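Written out below as structure tokens is the structure these notes cover.
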Amino acid sequence: MALKNSLMRIIKTGIKSCFVFVKMRPRLRFGVAKIVHALGLNSIARPIYMRFKIVAYSQGLNNFVPKDVSQLSPHARQIYNGLKAAIERHGKESR
């Protein structure tokens, strides 16, 4: 059972790597899409692609979460301060 799980993990990692590789190369992505369409595998390929896309997106969200305002870039800090001031103004106006 442990061997099967580790093998599946290796296969999934390989498939994700392939998706990233193809995704970063537009001409290759177009070629793969053309082949998938020609073979009639759209109904199989789309759910797989969407699942990996969602997983990649959710992993990207968790990569960097600043603990303090000082860790933000100057532009992000400016946006943060502007939003904070707007929230405070809105709070004072609604009282």
Side-chain angles (χ1 to χ4, degrees):
M1 189 66 154
L3 179 63
K4 182 180 177 183
N5 289 339
S6 61
L7 185 61
M8 288 301 290
R9 192 174 329 126
I10 291 169
I11 291 171
K12 285 181 182 180
T13 303
I15 291 173
K16 286 179 188 178
S17 299
C18 290
F19 273 119
V20 170
F21 183 82
V22 170
K23 186 178 176 183
M24 298 303 289
R25 289 154 181 83
R27 291 177 71 190
L28 180 60
R29 184 176 57 210
F30 179 72
V32 169
K34 201 172 181 179
I35 291 170
V36 166
H37 182 69
L39 295 175
L41 300 174
N42 290 346
S43 61
I44 296 170
R46 183 166 173 78
I48 294 170
Y49 174 73
M50 294 305 288
R51 184 174 22 173
F52 283 123
K53 188 175 180 181
I54 290 170
V55 168
Y57 177 74
S58 66
Q59 288 173 348
L61 290 177
N62 297 327
N63 281 345
F64 176 70
V65 178
K67 304 275 189 247
D68 191 45
V69 179
S70 63
Q71 293 178 336
L72 296 173
S73 68
H75 183 66
R77 207 173 305 131
Q78 182 182 10
I79 293 170
Y80 173 81
N81 290 332
L83 287 172
K84 187 175 177 182
I87 291 170
E88 288 174 357
R89 275 196 313 270
H90 184 281
K92 288 179 183 177
E93 291 174 1
S94 63
R95 290 182 200 179

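None of the values given here were measured: they were computed from a predicted structure.
Remark: L72 CG to K67 NZ distance equals 12.5 Å, nearest 0.5 Å. Taking CG from L3 and CG from L7, the interatomic distance works out to 6.5 Å, rounded to the nearest 0.5 Å. Taken to the nearest 0.5 Å, the CD1 atom of I15 stands 7.5 Å off from the CE atom of M8.
When the side chains of ILVMFWY residues are joined at heavy-atom separations under 4.5 Å, either directly or via intervening members, F21 and I10 end up in two distinct hydrophobic clusters. The cluster map of Ile, Leu, Val, Met, Phe, Trp and Tyr, joined by side-chain heavy atoms under 4.5 Å apart, puts L28 and V36 in the same cluster. Criterion: ILVMFWY side-chain heavy atoms under 4.5 Å apart, direct or through other members. Under it, V32 and F30 are not part of a common hydrophobic cluster.
For the pair H37 and N42, the tightest heavy-atom approach, listed with the atom from each and the gap, is ND1-ND2, 3.0 Å.
Counting heavy atoms from C-beta on, the side chains of R9 and K12 never come closer than 4.5 Å.
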